[in-house]
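All residue numbers refer to positions in the sequence shown, counting from 1.
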Amino acid sequence: MASKLVTYAELKAHNSKDSLYLLLHEKVYDVTKFIDEHPGGDEVIIAEAARDATEAFEDVGHSDEARALLTDLFVGDFEKTDELKTKGPSASSSSGSSAVNTAVEQGSNLMYFVPLAVLGAYFAWRYYSSGSI
């Protein structure tokens with residue numbers, strides 16, 4: 001079954017707390033019922049109305065549970081136009097994400113090994129400077 005195509009005009013028309021559509025990954029969601037339950041507050045969602053909210057959504061790092069909620073709120077696919085450039089699914093975003101994950105993992109390793117190395121060096125200095133040998 002083909003999903004509904006939502007135009008930019010429709011997206012712009014639904015930009016208030018009473019009727020709010022959100023564009024994420026080239027798909028449109030009706031978040032009107034969820035807006036009061038949003039942990040970040042309604043202002044955060046309203047600020048992203050009538051434009052592509054993909055980057056803001058991904059920057060926050062939503063949980064799998066939050067992403068699962070989107071399936072019930074799905075309205076249709078966004079009709080791509082020149083009026084609004086979307087930041088839809090692309091290979092560059094996933095490769096950028098993996099690069100960030102790698103950097104975080106490497107930083108996490110340094111967070112543990114550098115303090116341990118400093119602590120080891122301190123105890124070695126104390127041992128050798130006390131004349132215990």
Side-chain angles (χ1 to χ4, degrees):
M1 181 175 147
S3 66
K4 176 184 174 184
L5 272 180
V6 179
T7 64
Y8 181 59
E10 283 180 88
L11 183 68
K12 280 178 58 174
H14 296 275
N15 66 353
S16 68
K17 192 173 181 176
D18 299 325
S19 177
L20 187 65
Y21 281 9
L22 206 60
L23 175 62
L24 298 170
H25 299 289
E26 298 178 8
K27 297 186 183 312
V28 179
Y29 301 93
D30 183 357
V31 295
T32 309
K33 296 176 185 172
F34 178 72
I35 197 163
D36 290 327
E37 300 171 26
H38 186 254
D42 58 354
E43 300 88 14
V44 177
I45 297 179
I46 293 172
E48 296 300 325
R51 61 186 181 139
D52 189 2
T54 303
E55 188 173 342
F57 183 84
E58 294 301 334
D59 284 348
V60 173
H62 285 86
S63 65
D64 292 337
E65 291 82 15
R67 293 173 191 278
L69 288 172
L70 290 175
T71 56
D72 296 333
L73 306 174
F74 182 71
V75 174
D77 292 316
F78 182 68
E79 181 180 54
K80 297 178 198 169
T81 63
D82 290 338
E83 295 176 76
L84 180 67
K85 300 292 183 197
T86 60
K87 300 171 187 76
S90 63
S92 65
S93 68
S94 64
S95 67
S97 175
S98 66
V100 168
N101 287 340
T102 303
V104 168
E105 288 171 8
Q106 289 174 350
S108 297
N109 291 338
L110 285 177
M111 272 183 7
Y112 296 109
F113 293 120
V114 169
L116 285 174
V118 169
L119 191 61
Y122 170 73
F123 282 119
W125 173 76
R126 282 202 50 198
Y127 179 77
Y128 290 117
S129 66
S130 68
S132 297
I133 351 184

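The aromatic rings of His38 and His62 sit tilted, their planes meeting at an angle between 30° and 60°.
Ile46 shares a hydrophobic cluster with Leu20, Leu22, Leu24, Tyr29, Val31, Phe34, Ile35, Ile45, Phe57, Leu69, Leu70, Leu73, Phe74; the chain of contacts runs through ILVMFWY side chains whose heavy atoms sit under 4.5 Å apart. Alongside Leu5, the hydrophobic cluster contains no other residue (criterion: ILVMFWY side chains under 4.5 Å).
The two residues His25 and Thr54 have their closest heavy-atom pair at N-OG1, 2.8 Å. In plain terms, the two heavy atoms of Ser19 and Thr32 that are nearest each other are CA-OG1, 3.4 Å.
Listed by chain and residue number, Glu65 satisfy the side-chain hydrogen bond (donor to acceptor under 3.5 Å, both in side chains) test with Ser63 (two or more places apart in sequence, or in another chain). When the side-chain hydrogen bond (donor to acceptor under 3.5 Å, both in side chains) test is applied to Asp77, the partners found at least two apart in sequence or on another chain are Ser3, Lys27. Residues passing the side-chain hydrogen bond (donor to acceptor under 3.5 Å, both in side chains) test with Glu48, sequence neighbours excluded: Arg51.
For the atom pair Glu10 CD and Lys4 NZ, the distance stands at 4.5 Å (nearest 0.5 Å).
Residues Trp125 and Val118 do not share a hydrophobic cluster, defined by chaining ILVMFWY side chains whose heavy atoms lie under 4.5 Å apart.
Applying the salt bridge (Lys or Arg N to Asp or Glu O under 4.0 Å) rule to pairs touching residues 15-25 yields Lys17-Asp36, Lys17-Asp42, sequence neighbours excluded.
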